[in-house]
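Here the structure is laid out as structure tokens; the discussion comes afterwards.
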Protein chains: 2
Amino acid sequence: MTDGVAERSRPRDRILETAQDMFHKHGIKGVGVDAITEAAGTNKMTLYRHFESKDDLVIECLRATAAKASRIWDEFEARHPGDKLAQLHAWVQKASELLSVDSRGCDMANAAVELTEADHPARRVIKELKEAQREKLVALCRDAGIGQAELLADTLSLLLEGARVSMQSVGAEGPSAQFVRMAESLIASFRAR
Amino acid sequence: MTDGVAERSRPRDRILETAQDMFHKHGIKGVGVDAITEAAGTNKMTLYRHFESKDDLVIECLRATAAKASRIWDEFEARHPGDKLAQLHAWVQKASELLSVDSRGCDMANAAVELTEADHPARRVIKELKEAQREKLVALCRDAGIGQAELLADTLSLLLEGARVSMQSVGAEGPSAQFVRMAESLIASFRAR
DNA sequence: CTAGGGTGTTACCGGTCTGTAACTTTTAGA
DNA sequence: TCTAAAAGTTACAGACCGGTAACACCCTAG
């Protein structure tokens, strides 16, 4: 029973990719290391040779997810070089695609919900990564010539965060279905000020 | 080691109240039935005489939480009888209080994040309760004389949902700090249309 | 006073979890 | 080809989990 993920790469990469996928689908506490290694076509000992602990694996998964997200921002720049406003619209578009394709929301937000201990090692990583994303969106809004860039960026952030969690409780036909309309009219109204 | 919750009520009530509190603070998968019954000053057998299973207890907790939230809506009506617009502002005010007092977000949304199995018995309850809350907010917006009541209600919903989950990943100084400003200017702009 | 329901106590079941030890097999590089 | 590192295998420890059985207790309604 070979698994679909990463047919023949190195065990560490397979584990990381499989863990990302399974944590995303079933939650962190909803999947054990045995299940991960089996799905990755390897075994528990190999996992613990590459990662100090399950928490360490979780952190590496979050970093990998953030790195993927970061690559999407590079796409925006590549597709609309210099045109920051077009990149902002691309961000909205990409966000809506995310909402229509996947219903399990943001891995970092979900992890923050699951890992309730205040001193959990993953929490500071989550905060760092989320703050970095915020900075990016603020910069994009500012460079797009919007006056209250921070406020627009934060509003868009909350809308998307809300949409991604709302999907998980009421589904895609709920409030999140209006995300694009909300975001675009927000941008328009901020530009008009 | 007596617990602070509900000194001497009936065991079922103590369990329900304690479970609500502990599920809220530590998550559903983060607390076991033994810990709940011990904190409630009773034992596991008594819990299972009143609740079919842990899942059943979770569902009852969610219903109880929703009932508490429902009582807040009665307060709005009592404090601003007939004045739906004032009640809408009161909703914003109450939401911001929630954000400043508690950093663990919405129990239903958190449960939806934690309970990933598509057929988990709690999921349909979560959906029902969330949809009922949505209906209430839509009705409030409509009765307050706002044209696109559904869109405003959904936007406010997503903003609050986003703020409550954002607090859990980046804290109260993040985007959620601007919630009131966002909500109020949204209401203003919808009223101006 | 007595009967019975609600409650408390203890022990247990089978399962799952993270993490490790000891050993064998495979793989890749010089 | 030889060697050394990486990976696989098996077994296990120790803890926790949800849930149940059997039995003792207490408190109140009749």
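Throughout, a chain's letter reflects where its sequence line sits, starting with A, and its residues are numbered from 1.
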- Task: Kindly say if B:T42 contacts the phosphate of C:dG8, meaning a side-chain N or O under 4.0 Å from OP1 or OP2.
- Result: yes

Can you check nucleotides 24-27 of chain D for protein contacts, nitrogen or oxygen pairs under 3.5 Å, and list what you find?
none

- Message: Between B:D21 and B:T18, is there a side-chain donor-acceptor contact under 3.5 Å, judged purely by atom types and distance?
- Response: no

- Closest non-hydrogen atom pair between B:T37 and B:N43, with its separation: CG2-O, 3.4 Å

- Would you sort out whether B:K130 and B:E135 count as a salt bridge (charged side-chain N to carboxylate O under 4.0 Å, His left out), showing the intermediate values? CA-CA 9 Å; B:K130 274 285 183 188; B:E135 295 291 323; over 6 Å; no

- Query: OP1 or OP2 of D:dA6 less than 4.0 angstrom from a side-chain nitrogen or oxygen of A:T46, does that happen here?
  - Reply: no

- A:K94 versus A:F76, closest heavy-atom pair with distance: CB-CZ, 3.7 Å

- Task: Take atom CD1 of A:I36 and atom P of C:dC17, then tell me their distance rounded to the nearest Å.
- Result: 10 Å

- Message: Counting only heavy atoms and a strict 4.0 angstrom limit, can you tell me which residues of residues 26-35 of chain A come near DNA chain C?
- Response: A:V31, A:G32, A:V33, A:D34

- Residues at least two apart in sequence or cross-chain that pass side-chain contact (heavy atoms from CB on, under 4.5 Å) with B:L98, listed by chain then number, are B:R164

- Partner of B:L140 under side chain to side chain contact (heavy atoms under 4.5 Å, CB included), chosen from B:I146, B:L88, B:L156, B:L85: B:L88

- Query: A:R10 has an atom CZ; how far is it from atom C1' of C:dT26, in whole Å?
  - Reply: 15 Å

- Task: Find the distance A:I15:CD1 to D:dG8:P and express it as a whole number of Å.
- Result: 8 Å

- How many Å lie between NE2 on B:H50 and C1' on C:dG5, as a whole number? 11 Å

- Message: What verdict does the salt bridge (charged side-chain N to carboxylate O under 4.0 Å, His left out) test give for B:R123 and B:D119, after you've listed the backbone C-alpha separation in whole Å, the side-chain angles of each residue and the deciding distance to 0.1 Å?
- Response: CA-CA 7 Å; B:R123 295 198 70 86; B:D119 60 346; over 6 Å; no

- Closest non-hydrogen contact found for B:S70 with B:K136 is OG-NZ, 2.8 Å

- Item | d(CG, A:D13; C1', D:dA6) in whole Å | 14 Å

- For the residue pair B:D154 and B:S157, confirm or rule out a side-chain donor-acceptor distance under 3.5 Å. no

- Among B:Q168, B:H24, B:H26, which residue meets the side chain to side chain contact (heavy atoms under 4.5 Å, CB included) test with A:T116? B:H26

- Message: Of the listed nucleotides (C:dG19, D:dG8, D:dT20), which one gets closest to any side-chain atom of A:Y48?
- Response: C:dG19

- Task: May I have the distance from A:H120 (atom NE2) to C:dT18 (atom P), rounded to whole angstrom?
- Result: 12 Å

- Task: Would you list the pairs meeting side chain to side chain donor-acceptor pair (under 3.5 Å) in which at least one residue belongs to residues 47-64 of chain B, sequence neighbours left out?
- Result: B:D55-B:H120

- Query: Roughly how far, to the nearest 0.5 Å, is the CZ atom of A:R12 from the CG atom of A:L57?
  - Reply: 9.0 Å

- Task: For the pair A:E128 and A:R124, evaluate salt bridge (charged side-chain N to carboxylate O under 4.0 Å, His left out) and give the outcome as yes or no after the intermediate values.
- Result: CA-CA 6 Å; A:E128 286 172 10; A:R124 68 183 304 264; 3.4 Å; yes

- Within-4.5 Å side-chain heavy-atom neighbours: B:Q20 and B:C61: yes

Give every pair of a protein N or O atom and an N or O atom of nucleotides 11-13 of chain D that lie under 3.5 Å apart, one pair per line with the distance.
none

- Selection: residues 51-58 of chain A, any non-hydrogen atom under 4.0 Å of DNA chain C: A:S53, A:K54

- Query: Expressed in angstrom and rounded to an integer, what is the separation of B:L47 atom CG from C:dG8 atom P?
  - Reply: 11 Å

